[in-house]
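See structure below.
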Amino acid sequence: MLRVVEAAFGDDEGPTVARLVRALDAAGSTRASIVVESDDDEVVGHVQLSRSWVDAREALVDVLVLSPLSVAPGHQRRGIGAALLAAALAEAERLGAPAVFLEGDPGYYSGRGWSAAGPLGFTAPSVRIPGPAFQVMLLPAYESWMTGALVYCEPFWATDCVGLRDPRLGRLGG
Ligand SMILES: CC(C)(COP(=O)(O)OP(=O)(O)OC[C@H]1O[C@@H](n2cnc3c(N)ncnc32)[C@H](O)[C@@H]1OP(=O)(O)O)[C@@H](O)C(=O)NCCC(=O)NCCS
């Protein structure tokens, strides 16, 4: 499974994202890890859900973060990414999570029902997350008071997998 993560994210980011996967597992922060296999039992897609919190005024709210989402380069553009997103959201709903957050290209996620989280009352865990990339899916357990800052669990910080650092952030004008 780590192989598909490394292949999808490439030589630059792959090793760091694989470290995140291992750190989330080791910390007990993983809530779901879903894979898609090819006909010959090779893992060609993977998505992970882990615990984080929304620090609302009334209470700390358990939420989920969807990261990473990986499809092997040779298997992309066949709907595997969409299927993994659907499976992850079904699992998040089954787990009773009120919301799932992610950092991602709005070009990919906005057409799949995700919304910019900022305008809905959430604050990103870092100023290095470009506004449009900070996205959320609200689930049936969500209640209107559950807004506030998203607080990532520790492995995201330990592996430095939060937002973008310069020069990529600078190029986006963040
Ligand atoms: C993003 C990713 C998971 C999509 O997986 P996939 O199986 O190809 O996704 P689907 O087949 O469901 O959808 C493919 C469509 O999304 C589009 N797409 C992929 N990445 C996109 C992006 N960043 N912005 C806009 N559209 C994107 C493709 O062009 C394709 O559209 P088309 O079918 O109209 O040509 C895959 O490209 C991947 O693993 N990328 C590298 C890792 C990554 O960036 N993960 C997401 C981090 S948030």
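Every number for a ligand or one of its atoms is a count from 1 in the order of the listing.
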**OP:** Using a strict cut-off of under 4.0 Å between a residue heavy atom and any atom of ligand 1, list the qualifying protein residues by chain and number.
**Re:**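 Ala8, Phe9, Leu69, Ser70, Val71, Gln76, Arg77, Arg78, Gly79, Ile80, Gly81, Ala82, Glu103, Gly104, Asp105, Gly107, Tyr108, Tyr109, Arg112.
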
Original post:
Hey, would you say the Phe134 and Phe122 ring centroids sit under 6.0 Å apart?
Top reply: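 No, the ring centres sit 6.0 Å or more apart.
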
Original post:
So does Arg112 have more than 12 non-hydrogen atoms from other groups sitting under 6.0 Å from CZ?
Top reply: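 Yes, the 6.0 Å shell around CZ holds more than 12 heavy atoms from other groups.
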
**OP:** Could you tell me whether Arg165 and Asp160 have a side-chain N and a carboxylate O separated by less than 4.0 Å?
**Re:**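 Salt bridge: yes.
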
**OP:** Please lay out, stage by stage, how Leu102 and Val65 fare under the test side-chain contact (heavy atoms from CB on, under 4.5 Å).
**Re:** CA-CA 6 Å; Leu102 60 77; Val65 169; 5.7 Å; no

Subject >> Donor-acceptor contact present, side-chain Arg128 to main-chain Val162, <3.5 Å >> reply: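 Flag set: sc Arg128 to bb Val162 pair under 3.5 Å.
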
Original post:
Between the side chain of Thr30 and the main-chain N/O of Ala32, is any donor-acceptor distance below 3.5 Å?
Top reply: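 No.
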
